[in-house]
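I have placed the structure first, in the form of structure tokens, so that the comments after it can refer back to it.
Side chains included, hydrogens not; waters and symmetry mates left out as well; all remaining heavy atoms used.
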Amino acid sequence: MSSFVHETADLGTNVYLGEESKIWHYAQVRENASIGDGCIIGRGAYIGTGVSLGRNCKVQNYALVYEPAILGNGVFIGPAAVLTNDQFPRSVTPNMDLKGGDDWEAVGVTIDDGASIGARAVCVAPVKIGKWATIAAGAVVTKDVPDYALMVGVPARRVGWVGKQGRPLQSLGNGKFECPVDGTQYEEVSTNILKESEEK
């Protein structure tokens with residue numbers, strides 16, 4: 001099956017669009033962006049110049065993914081979420097001249113495989129979101145997020161752990177956790193490190 005681009009979408013030059021990916025109404029994908037196989041870019045979403053998406057990502061309606069963001073495989077970006085790229089934003093120089101591309105340095109957000117960013121959440125670059133982490137709707141991420149972390153609030157703080165199913169993990173005590181959906185077990189290696197248990 002080939003990819004699909006709605007007639008109202010705006011694709012820049014040299015965009016790589018993977019097989020079975022879909023770009024919907026009024027979305028803009030800038031030049032040199034790379035969209036992996038099986039991705040969905042929702043209505044009015046923005047994908048910046050050179051941004052890279054892995055396989056099977058979903059960027060929901062009106063989300064803004066500014067360059068140089070890098071998204072792994074299976075990343076979810078909720079409606080109206082924002083991945084920023086300017087650490088010290090100003091419209092003008094100290095002389096009140098309008099800033100151009102050479103007057104600032106873009107910094108990006110990196111999101112590892114399987115992570116989810118909730119609706120209207122903001123990831124303030126430069127930050128890295130760990131694999132399978134979940135950022136709650138409306139949260140503002142200002143620091144790196146560990147794998148499997150459940151982050152809420154402004155600024156975002158970790159309030160628990162989530163498994164690959166996206167549900168909060170249940171504590172079994174002694175640093176052990178279990179997914180309520182499929183029973184997969186996880187163990188806390190340290191305060192901010194969780195890994196899938198090797199025990200079966």
Side-chain angles (χ1 to χ4, degrees), residues 24 27 29 33-36 38-48 51-87 89 106-171 177-182 184 186-196:
W24 288 103
V29 180
S34 177
I35 311 296
C39 291
I40 298 174
I41 309 299
R43 178 186 179 97
Y46 175 84
I47 307 296
V51 165
S52 175
L53 278 68
R55 302 185 318 276
N56 299 326
C57 293
K58 290 185 177 181
V59 179
Q60 300 289 71
N61 296 357
Y62 301 105
L64 306 175
V65 180
Y66 290 103
E67 67 279 359
I70 300 173
L71 281 59
N73 298 321
V75 170
F76 175 88
I77 306 294
V82 181
L83 276 55
T84 75
N85 69 350
D86 193 347
Q87 197 171 12
V107 291
V109 175
T110 300
I111 305 179
D112 280 351
D113 295 352
S116 294
I117 312 299
R120 290 194 180 277
V122 178
C123 296
V124 181
V127 291
K128 179 179 179 180
I129 311 298
K131 66 182 180 181
W132 301 106
T134 295
I135 311 302
V140 177
V141 179
T142 59
K143 296 180 180 178
D144 290 352
V145 172
D147 298 347
Y148 303 107
L150 174 59
M151 308 290 291
V152 304
V154 180
R157 65 196 185 283
R158 189 178 70 78
V159 296
W161 299 108
V162 292
K164 292 180 179 178
Q165 296 279 2
R167 305 292 179 87
L169 298 178
Q170 298 173 343
S171 175
F177 295 84
E178 184 175 80
C179 174
V181 178
D182 62 15
T184 300
Y186 299 79
E187 55 185 320
E188 208 170 46
V189 178
S190 69
T191 306
N192 263 336
I193 300 177
L194 188 81
K195 68 174 186 177
E196 194 170 342

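The CD atom of Glu188 sits 12.5 Å away from atom NZ of Lys195, with the distance rounded to the nearest 0.5 Å. Distance check, rounded to the nearest 0.5 Å: CZ of Phe76 to CD1 of Ile117 gives 9.5 Å. Annotation: the span from Tyr46 atom OH to Glu67 atom CD amounts to 5.0 Å, rounded to 0.5 Å. We find the OG-CG distance between Ser52 and Leu71 to be 8.0 Å, quoted to the nearest 0.5 Å. Annotation: the span from Leu150 atom CG to Trp161 atom CH2 amounts to 10.0 Å, rounded to 0.5 Å. Rounded to the nearest 0.5 angstrom, Ile35 CD1 and Ile47 CD1 are separated by 5.0 Å.
In this structure, Val82 and Tyr66 have side chains that are in contact, with non-hydrogen atoms separated by less than 4.5 Å. The shortest side-chain heavy-atom distance between Ile111 and Ile77 falls under the 4.5 Å cut-off. Proximity of Leu83 to Val51: side-chain heavy atoms (C-beta onward) are nowhere separated by under 4.5 Å. Side-chain atoms of Val140 and Val124, non-hydrogen and from C-beta on, do get closer than 4.5 Å to each other. Side-chain contact between Lys164 and Thr184 is absent, with no heavy-atom pair separated by less than 4.5 Å. Side-chain contact check for Trp132 versus Val162: every heavy-atom pair is 4.5 Å or farther apart. Side-chain contact check for Tyr148 versus Lys131: some heavy-atom pair is nearer than 4.5 Å.
Side-chain atoms of Asp147 do not come within 3.5 Å of backbone N or O of Gly130 as any donor-acceptor pair. Listed for the Asn73 side chain is no donor-acceptor partner under 3.5 Å among the backbone atoms of Gly54. Asn61 places no side-chain N or O within 3.5 Å of a backbone atom of Gly42 that could act as its donor or acceptor partner.
Here the closest non-hydrogen pair linking Asp144 and Pro126 is OD1-O, 4.4 Å. Closest of all the heavy-atom pairs between Gly72 and Asp113 is CA-OD1, 3.4 Å. Minimum interatomic distance between Gln60 and Gly78 (heavy atoms only, all atoms of both residues): CB-C, 3.7 Å. Listed here is the closest heavy atom pair of Ala33 and Gly48: CB-O, 3.9 Å. Contact between Asp86 and Pro89 at its shortest, heavy atoms only, is OD2-CA, 3.4 Å. Between Tyr186 and Gly163, the closest heavy-atom pair is OH-CA, 3.5 Å.
Between Ile129 and the options Val75, Asp112, Val141, a side-chain contact (heavy atoms from CB on, under 4.5 Å) holds for only Val141.
Listed by chain and residue number, nothing satisfies the side-chain hydrogen bond (donor to acceptor under 3.5 Å, both in side chains) test with Arg167 (two or more places apart in sequence, or in another chain). Residues satisfying the side-chain hydrogen bond (donor to acceptor under 3.5 Å, both in side chains) test with Tyr62, not counting sequence neighbours, are Arg43.
For Arg158, the CZ atom sits in a packed shell: over 12 heavy atoms of surrounding residues, nucleotides or ligands are nearer than 6.0 Å.
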Derivation and outcome, side chain to side chain contact (heavy atoms under 4.5 Å, CB included), residues Arg157 and Val152: CA-CA 6 Å; Arg157 65 196 185 283; Val152 304; 4.0 Å; yes
